[in-house]
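A, B, ... follow the sequence lines: proteins, then strands. Residue 1 opens every chain.
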Amino acid sequence: GQQLNQSPQSMFIQEGEDVSMNCTSSSIFNTWLWYKQDPGEGPVLLIALYKAGELTSNGRLTAQFGITRKDSFLNISASIPSDVGIYFCAGGNTGGFKTIFGAGTRLFVKA
Amino acid sequence: DAGVTQSPTHLIKTRGQQVTLRCSPKSGHDTVSWYQQALGQGPQFIFQYYEEEERQRGNFPDRFSGHQFPNYSSELNVNALLLGDSALYLCASNSQESSFRGYTFGSGTRLTVV
């Protein structure tokens, strides 16, 4: 079945550092999504990408949809303590059918 | 504008029992998807409901079933519970009329099977 490989599994960084995480798949997706999940909550959408090569920003977050449609990355600049959480990539297709999630990257930020 | 609402928030059941989880989608959304998230894992797709029908299903046994009502709310039923069914169950909604902009998730139901 479809699987997403998300890396790294976890990151320990200092406040103010930049962070980069990525996601690869053996399947092609029409949509790449990045979510953040805080403890006890459901995932919250950060960035959605709809076109191969697309680069989109949301504040300090920047994500790109890979040209091959099989990968995506998320960058966080100048990290702050509230960036702590689990970041999930997700691949989807037109109409929102069966979006597949990666296993997550756990981000820890030391003040 | 209420987001996705799930109930109950926590639930403890015994092996072999049956459970029903409920979800009200975000206002304006007509499609509901259910996910199972085991501890330390990403959400796994169970199934999706649209127009009161299951239109896509993940790799879950028939013990997992669902329903969507005319008001777009949904239920997830799990029969013959196993210890391995312990997880956070997430409901997500989206609209078919607008281009897919990602799901809106509820806060989940934490199911513990003992």
Original post:
How would you list, in number order, the residues of residues 37-45 of chain A that have a heavy atom less than 4.5 Å from chain B?
Top reply: A:Gln37, A:Gly40, A:Glu41, A:Gly42, A:Pro43, A:Leu45
Original post:
Taking all non-hydrogen atoms of both residues, which atom of B:Pro43 and which atom of A:Phe88 are closest, and how far apart?
Top reply: CD-CE2, 4.0 Å
**OP:** Nearest 0.5 Å please: distance from the CZ atom of A:Phe101 over to the CD atom of B:Gln41.
**Re:** 14.0 Å
Original post:
Do A:Thr99 and B:Phe45 touch side chain to side chain, with heavy atoms closer than 4.5 Å?
Top reply: no
Subject >> Within the 6.0 Å centroid threshold, strictly below: A:Tyr35 and B:Tyr103 >> reply: no
Subject >> Shared hydrophobic cluster, B:Leu21 / B:Val4 (ILVMFWY, side-chain heavy atoms < 4.5 Å) >> reply: no
**OP:** Check whether A:Val109 and A:Tyr87 end up in the same hydrophobic cluster, where Ile, Leu, Val, Met, Phe, Trp and Tyr are linked by side-chain heavy atoms less than 4.5 Å apart.
**Re:** yes
Original post:
Measuring heavy-atom distances to chain A, does B:Gln6 have an atom under 4.5 Å in its side chain, in its backbone, in both, or in neither?
Top reply: neither
Original post:
So which bits of residues 68-78 of chain B come within less than 4.5 Å of chain A, counting non-hydrogen atoms only?
Top reply: none
Original post:
For the candidates A:Gln6, A:Gln9, A:Arg106, which exhibits the highest count of non-hydrogen atom pairs separated by less than 4.5 Å from chain B?
Top reply: A:Arg106
Original post:
Among the clusters formed by ILVMFWY side chains lying less than 4.5 Å apart, do A:Phe73 and A:Ile47 turn up in the same one?
Top reply: no
**OP:** Check whether B:Leu111 and B:Phe105 end up in the same hydrophobic cluster, where Ile, Leu, Val, Met, Phe, Trp and Tyr are linked by side-chain heavy atoms less than 4.5 Å apart.
**Re:** no
Original post:
Heavy-atom count around A:Arg60 CZ within 6.0 Å, excluding the residue itself: above 12?
Top reply: yes
**OP:** Using a cut-off of 6.0 Å, state whether more than 12 heavy atoms not belonging to B:Glu53 lie near its atom CD.
**Re:** no
Original post:
chain A contacts: which residues in residues 80-92 of chain B have a non-hydrogen atom closer than 4.5 Å to it?
Top reply: B:Leu88, B:Leu90
Original post:
Applying the 4.5 Å side-chain criterion to the ILVMFWY set and letting contacts propagate, would B:Tyr50 and B:Trp34 be lumped into a single cluster?
Top reply: no
**OP:** Quick one: which residue pairs count as a salt bridge (Lys or Arg N to Asp or Glu O under 4.0 Å) with a foot in residues 11-24 of chain A, not counting sequence neighbours?
**Re:** none
**OP:** Measure B:Tyr35 against the heavy atoms of chain A and call it side chain, backbone, both or neither at under 4.5 Å.
**Re:** side chain
Original post:
Counting heavy atoms not belonging to B:Ile12, are there more than 12 under 6.0 Å from its CD1?
Top reply: no
